[in-house]
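Structure first, then comments.
One-based numbering, in listed order, for ligands and for the atoms of each.
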Amino acid sequence: MFQKMLINGELVGEDTKKTTIGIVNPSTEKTFARVPKGTKNHINKAVAAAKRAFPAWSQRPISERQAMVEKMADVVSNNAEMLARLLSKEQGKPMPEAMGEMGWTEGYLRHYASLQPSGRMIQNDDEFKIEVRRVPLGVVAGICPWNFPVLVPFWKIGPALVAGNTIVIKPAPTTPLTILKILELCNSFVPAGVINVVCDENDLGPMLTNHPDVAKVSFTGSSETGKKIMASAAGTVKRVTLELGGNDPAIVLPDVNVKETAAQIYGGAFLNAGQVCLAVKRVYAHAEIYDEFCNELATLAREAIVGDGLQQGSSIGPVQNKEQFKKVKALIKSADKDGTIMTGGVVKGKKGYFIKPIIVRDVKDGDDIVDKEQFGPILPVIRFKDIKKVGKKANASDYGLGASVWSGDVSKATKIASGIESGSVWVNQHINIGPHIPMAGFKTSGLGVEQSGEGLDEYTQIQVLNVAK
Ligand code: NAD
C-alpha cells in the first residue's frame with residue numbers, strides 16, 4: 001500500500017525506495033505500507049498553499065465552514081470500518097477501540113460544526129460602538145502523536161477550520177496512514193490549501209514551529225517536545241496550544257466497593273495499552289484495602305487477551321512502536337527492582353511489541369515507575385495511610401493533566417478532588433471527556449485549552465473594534 005500526502009489539494013509523493021518511509025505493523029513488526037518522506041520543500045509548499053487559501057476561506061460565512069466540518073464527519077462515519085482496520089494495523093489498537101476512535105472523531109467534528117467563536121459587544125451607545133471580535137489567525141500547524149492518530153488531528157482541524165484558519169498537519173512518523181486516507185477522501189470537497197498534510201521522519205516539526213508564515217502551533221505530544229516547541233515558537237511570537245504528557249493519579253479511599261472500583265480503574269489505565277495521556281498512571285490505594293485492591297487489579301490483568309488488534313477477541317494490542325517498547329521495557333526492569341510485579345510482562349517468543357498488562361505493588365513515590373509517565377500497559381499501586389496527606393502526594397509531580405478520587409462518600413471525594421492540581425479531576429470515574437468539555441493541563445502537562453467553546457477561541461485572535469460615533 002502506498003498513500004500520498006495532501007498539499008494544495010493535490011496528492012503528492014513518489015513511490016520509490018529513496019523517497020518513502022515504511023510503516024510498520026506493531027503486531028507483526030513487518031512493513032506493510034509506505035508514505036512519502038516529506039522534505040523542507042514540502043513544508044514550504046504546504047505552508048504557502050495554506051497561506052494562499054486563507055483569505056478566501058476566512059471570508060466564507062461560518063455556516064459554510066461548519067458545513068464542511070460536518071461533511072468530514074460524514075466521511076469518517078461512512079467509511080468507519082475500512083478506516084478502523086487501517087488504524088488498527090498501523091497503531092495496533094483492537095478493532096473495537098479503533099471503531100471507537102472513529103465514533104469519537106465523528107462526534108467531536110459534529111460538535112465543532114455547531115460552535116462559533118465567542119465575541120461580544122461591550123458598548124453600543126450614543127458615543128461609542130465597542131465590539132470584541134474573534135478573528136482567525138491564519139495558518140495553523142497541527143503536530144500530532146501516535147496514540148490517537150485520527151482523533152488528535154481532527155481535534156485540531158475541526159476548530160481551526162470553523163474559526164476560519166487553514167492548517168498544515170504533521171502526523172507522527174509511525175502513524176500517518178489513516179489520517180492521510182481520510183484527508184484524501186475529503187479532498188473532493190475541501191478547497192485546495194485549506195488542509196495540507198506532510199509526513200516526516202521526526203525531523204520536520206521544528207520547521208513548522210519557527211516558520212514565519214505559521215501563526216499558531218497546536219501540539220499534542222510529550223512535555224519534552226512541548227518545551228522545545230514553546231522555545232522555537234518564541235522567535236515569531238506564535239500562539240501555541242500544548243497538550244502534553246500526564247501522570248494521572250487515582251486516589252482510592254477505604255470505603256469504596258473494591259471490585260467495582262478496581263474494574264473501572266483498570267479500564268482507565270489499560271485503554272489503548274496504557275498509551276493515553278489521561279490514563280490512570282499511578283494508584284494510591286488506602287492501606288485498609290490495599291491487598292484486596294491489588295489482587296483485584298491483578299485478576300483483571302490476568303484475564304486480558306493480548307494480541308493483534310485485528311484478531312477478534314484481543315482486548316489489548318501491542319505497544320505502538322519499537323522505541324516506546326524499549327522505554328516501557330526499561331521501566332519494567334526498574335519496577336521489578338523497586339517493587340513486586342504481581343502479573344504480566346513482555347510476551348516472549350512472538351513477533352510484535354506485546355506486553356501483558358502489568359500490576360506492580362509495594363512501590364513508592366520516588367521510584368521511576370511511579371514518577372515517570374510510563375505510556376504503556378503497566379500500573380503501579382502505592383499504599384497510603386493518611387487521607388489528609390494523599391492529595392499532597394498526588395500533587396508532588398511536574399505533571400497535572402488528569403486525576404481521580406474514588407470513595408463511597410461523594411462529598412468527601414469531591415473535597416479532595418478540588419485540591420488536586422490537574423486540568424481534569426474526576427470523582428468516581430476516570431477519562432470522562434467530550435467535545436463540550438474543556439481539556440487543559442496544569443504545570444508541564446500543557447498550555448492553553450482544547451475542546452469546547454474555550455478551545456475554539458484559542459484558534460482566534462481578539463480584535464477590539466472601537467468606533468467613535
Ligand atoms: P512526541 O513529543 O515524541 O512527538 C509528538 C509529535 O511531535 C510527533 O509528530 C513528532 O514528530 C513531533 N516532534 C518531535 N520533535 C519535535 C520538535 N522538536 N519540534 C516539533 N515537533 C516535533 O510524542 P509521542 O511520543 O508521539 O506521543 C506520546 C506523548 O504524547 C505522551 O507524553 C502523551 O502523554 C502525549 N499526549 C498528550 C495528549 C494530551 O492531549 N495531553 C494526547 C495524546 C498524547
List every atom of ligand 1 that sits less than 4.0 Å from any heavy atom of [X], numbering the atoms from 1 in the order shown and giving each element.
X      : result
Ala172 : 9 (O)
Asn147 : 43 (C), 44 (C)
Pro171 : 9 (O)
Pro145 : 26 (O), 27 (O), 43 (C), 44 (C)
Met439 : 40 (O)

(message) Suppose we measure from atom 24 (P) of ligand 1 to each protein heavy atom; which comes out shortest, and what is that distance?
(response)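 It is Trp146 NE1, 3.4 Å.
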(request) Give the single entry among Gly221, Gly245, Cys277 that approaches atom 35 (C) of ligand 1 most closely by any heavy atom. (result)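 Shortest heavy-atom distance from atom 35 (C) of ligand 1: Gly221.
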(request) Determine, considering heavy atoms only, which of Glu373, Lys228, Gln451 sits nearest to atom 34 (O) of ligand 1. (result)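 Heavy atom nearest to atom 34 (O) of ligand 1 belongs to Glu373.
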(request) Tell me which part of Pro173 gets within contact of ligand 1: side chain, backbone, both or neither, using heavy atoms under 4.0 Å. (result)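 Side chain only; the backbone of Pro173 stays clear of ligand 1.
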(request) Mind checking whether Phe148 contacts ligand 1 via backbone (N, CA, C, O), side chain (CB onward), both or neither, at a 4.0 Å heavy-atom cut-off? (result)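 Neither part.
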(request) Specify whether Tyr284 and Phe384 have parallel, tilted or perpendicular ring planes, treating 30° as the upper limit for parallel and 60° as the lower limit for perpendicular. (result)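 Because their plane-to-plane angle is over 60°, the rings of Tyr284 and Phe384 count as perpendicular.
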When you measure from the side chain of [X] to the backbone of [Y], do you find a donor-acceptor pair of N or O atoms at a distance under 3.5 Å?
X      : Y      : result
Asp248 : Gly402 : yes
Asn79  : Val76  : no
Ser88  : Arg85  : no

(message) Assess whether a salt bridge exists between Asp200 and Lys170, defined as any Lys/Arg side-chain N lying under 4.0 Å from an Asp/Glu carboxylate O.
(response)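 Between Lys170 and Asp200 there is a salt bridge, with a charged N closer than 4.0 Å to a carboxylate O.
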(request) Tell me, with the steps shown, if Glu184 and Lys4 meet salt bridge (Lys or Arg N to Asp or Glu O under 4.0 Å). (result) CA-CA 8 Å; Glu184 179 188 330; Lys4 293 185 177 185; over 6 Å; no
(message) Taking the ring of Phe293 and the ring of Trp406, is the distance between their centroids below 6.0 Å?
(response)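 Trp406 vs Phe293: aromatic centres not under 6.0 Å.
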